[in-house]
Structures are given as structure tokens and as C-alpha cells.
Protein chains: 2
Amino acid sequence: MKIGALAGRSGLPIKTLRYYEDLGLLPAVGRSEGGYRLFGEESLRRLEFIRRLKSLGLTLDDIHECLAVHDAGELPCGDIQRQLQRQIDLVDERLRELRLFRRELQSLLQNWQSDPAPNTAVICPNLNV
Amino acid sequence: MKIGALAGRSGLPIKTLRYYEDLGLLPAVGRSEGGYRLFGEESLRRLEFIRRLKSLGLTLDDIHECLAVHDAGELPCGDIQRQLQRQIDLVDERLRELRLFRRELQSLLQNWQSDPAPNTAVICPNLNV
DNA sequence: CTTGACTCTCCTCCCGTGGGGAGACTCTAA
DNA sequence: TTAGAGTCTCCCCACGGGAGGAGAGTCAAG
């Protein structure tokens with residue numbers, strides 16, 4: 001299977017497939033005499049796996065590690081579980097930050113005066129800066 | 001005041017000041033005979049303003065617009081108010097996305113099996129992909 | 001006048017995930 | 001054999017906000 005066929009069947013752009021191969025995520029089984037990449041059927045399963053993990057917030061580096069475990073003949077479930085737990089922790093942290101940030105913005109707007117007295121010592125009297 | 005003095009008094013790196021000047025955020029009052037940028041005292045106020053708006057999540061482009069209003073002799077309070085409201089809307093949207101995402105991750109981990117039966121048709125039996 | 005600190009411009013690089021295009025080559029069907 | 005579609009490598013671009021460094025010129029104190 002050449003790269004265009006794999007792109008068609010997987011729904012991913014050719015550029016993405018080449019990029020994944022460069023990163024070592026998607027090894028080609030070889031090259032044609034003219035230098036065209038050749039992929040096997042298992043590439044489709046690999047791409048589904050990559051797509052799913054990406055949708056769960058893992059980076060391509062994270063996914064690379066999981067695939068390395070798989071390629072070593074082991075189940076990557078434990079690694080994925082750890083990555084997902086870390087992902088939840090990151091989301092929780094981000095949620096805390098965003099809630100705090102929202103409160104700050106809201107309290108500023110609460111007392112906002114659309115037409116305050118100009119003050120030459122500051123640029124925006126509402127922010128006092 | 002040369003750029004090093006402004007960096008020291010504002011606490012910002014020289015590189016940042018040059019970058020802001022390139023963007024038109026921080027006009028220098030002129031150049032010395034040797035070509036050194038010269039800044040006035042009002043640059044410090046400007047930098048405080050920029051720092052504050054950055055901390056509220058505005059991009060340098062947004063800030064540029066606010067400063068343009070100020071430089072035109074008007075109060076930028078209305079523009080800033082609109083930007084902050086937009087910022088709240090973005091935060092709310094992001095919060096919704098993150099909460100949804102967290103539920104997806106959590107429900108996956110809920111039923112996770114650390115040591116499932118290998119399945120040659122998939123890479124990770126827990127994800128079924 | 002010298003010396004050391006300061007500043008100048010210009011260039012590349014970072015993060016992540018590719019997109020866009022040039023110019024050259026290869027494959028396949030008629 | 002030839003046309004047209006497919007593919008190759010290589011390079012720059014995006015976002016946002018600078019960081020790092022090279023090589024050269026400038027300023028101020030002693």
C-alpha cells in the first residue's frame with residue numbers, strides 16, 4: 001500500500017502520514033524501487049490507535065512511548081492508564097486556574113465604569129494602571 | 001533613558017523591550033547619535049499597562065489596539081471592557097470543554113483493567129483500538 | 001586613550017502538529 | 001511511448017512571545 005492509499009483508507013492527510021513516519025510512529029515496511037513508501041495493513045490499526053490517544057490529549061511523544069511498549073510485545077495498557085491519570089491531573093489543575101482567573105475578570109468587570117474621569121497619571125482609571 | 005536602564009527599572013528583559021518597540025507598543029522618543037534607543041519616563045507607565053493587560057489574558061495585538069486608542073487621546077476603558085468580556089466568554093467555553101473532557105477520561109479509567117487478556121486485533125484492549 | 005560595559009542589527013530557535021508549495025522523479029494505464 | 005497522476009525531498013509558514021548568540025559599533029569613567 002502506497003501512502004496515498006493509506007491516506008484514503010485512514011482519512012488522514014498524506015503530510016500527516018509522512019510526519020508520523022519521520023517521528024517513528026508509523027514505520028513503513030519498506031520502499032519501492034523508485035523510493036515510494038510502502039505500508040502494511042497493520043498501519044491502519046496503528047493509525048486508529050494514534051488517533052484515539054490523540055483525542056484523549058496525549059502528545060505524539062506520549063503515543064510514541066506507548067507504541068514502543070506495544071512493539072516490544074507487551075500490552076501498553078498500564079502506560080496508557082498512567083498517562084490518562086496524569087491527563088486528569090493536568091485538566092484539574094487547569095480547571096482550578098481557569099476558575100480563579102474567571103473570578104478575577106468578573107470582579108474587575110463588576111465595578112467597571114464605562115465613562116470614568118480621565119486621570120493623566122494612568123492609562124486606564126478602571127485598572128488604575 | 002537607554003534600554004538597559006528601562007529594563008532595570010521595569011524588570012523586563014532588554015529583548016522584550018526591543019520586541020515591544022518593533023511591534024509599536026513602546027515607541028522610543030528617539031535615538032542617540034550612536035543609534036541607541038532613548039525612552040522617556042512615560043515608558044514605565046506604558047509597560048505597567050502592558051504587563052497588567054497581559055496578565056488578564058490579552059494578546060499583544062489586543063493591547064496594541066488599546067494603546068492606539070490611548071495615543072489618540074481617548075480613554076481605552078470601553079475597549080478594555082469589551083476585551084475582558086470576550087475573555088470571560090473564552091474562559092467559559094474552555095471550562096465547558098475541560099469538564100466534558102474530564103468526564104470522558106474519568107469514565108475510561110473507571111472500568112480500566114490493568115491486566116486484560118491480550119487481543120491480537122487491537123493494540124490496547126481497554127480502549128478497544 | 002583605553003577598557004569594559006553597553007547596545008546595535010540580524011539571524012536562528014523554541015513549543016506542537018502539521019500545511020503549502022517547488023522542482024524532480026516514478027508509476028500505471030491506454 | 002506518453003500523458004497524467006502519484007510521490008519524493010526540501011524548505012518556509014503558522015501560533016505567541018520572546019531567548020540566544022554573532023559580530024560590530026558606542027558610551028562613560030578613570
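Just so we're on the same page: letters track the sequence lines, and every chain starts at 1.
- For the pair A:L17 CG and D:dT9 P, the computed distance is 13 Å after rounding to whole Å.
- A donor-acceptor pair under 3.5 Å links the side-chain atoms of A:N126 to the main chain of A:Q113, judged by distance alone.
- B:I14 CD1 to B:K2 NZ: the interatomic distance, rounded to the nearest 0.5 Å, is 11.0 Å.
- Under 3.5 Å, the side chains of B:Q83 and B:R86 contain a donor-acceptor pair of N or O atoms.
- A heavy atom closer than 4.0 Å to some atom of DNA chain C occurs in A:K54, A:T59, A:L60, these being the qualifying members of residues 50-66 of chain A.
- Contact detail for B:R45 and A:V122: the closest heavy-atom pair is CD-CA, 4.0 Å.
- Put simply, OH on B:Y20 is 13 Å from C1' on D:dA19, counting in whole angstrom units.
- Residue A:T16 places at least one side-chain N or O under 4.0 Å from the OP1 or OP2 atom of C:dG19.
- Residue B:D22 contributes atom CG, which lies 11 Å from atom C1' of C:dC10 at whole-angstrom precision.
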Original post:
Checking side chain to side chain contact (heavy atoms under 4.5 Å, CB included) for the pair B:I3/B:L38: CA distance, chi angles, key distance, verdict?
Top reply: CA-CA 7 Å; B:I3 201 168; B:L38 298 175; over 6 Å; no

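- A side chain to side chain contact (heavy atoms under 4.5 Å, CB included) with A:L56 holds for exactly one of A:D62, A:I80, A:L84; it is A:L84.
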**OP:** Just do the salt bridge (charged side-chain N to carboxylate O under 4.0 Å, His left out) check on B:R82 and B:E65 with the steps written out, would you?
**Re:** CA-CA 12 Å; B:R82 275 189 292 280; B:E65 292 178 21; over 6 Å; no

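- Nearest-nucleotide positions on DNA chain C for A:Y19 and A:S32 put A:Y19 closer to the 5' end.
- Here the closest non-hydrogen pair linking B:A7 and B:P13 is CB-C, 4.5 Å.
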Original post:
Could you run down nucleotides 3-9 of chain C 5' to 3' and tag each one B, S or - for protein heavy-atom contact under 4.0 Å?
Top reply: ---BSSB

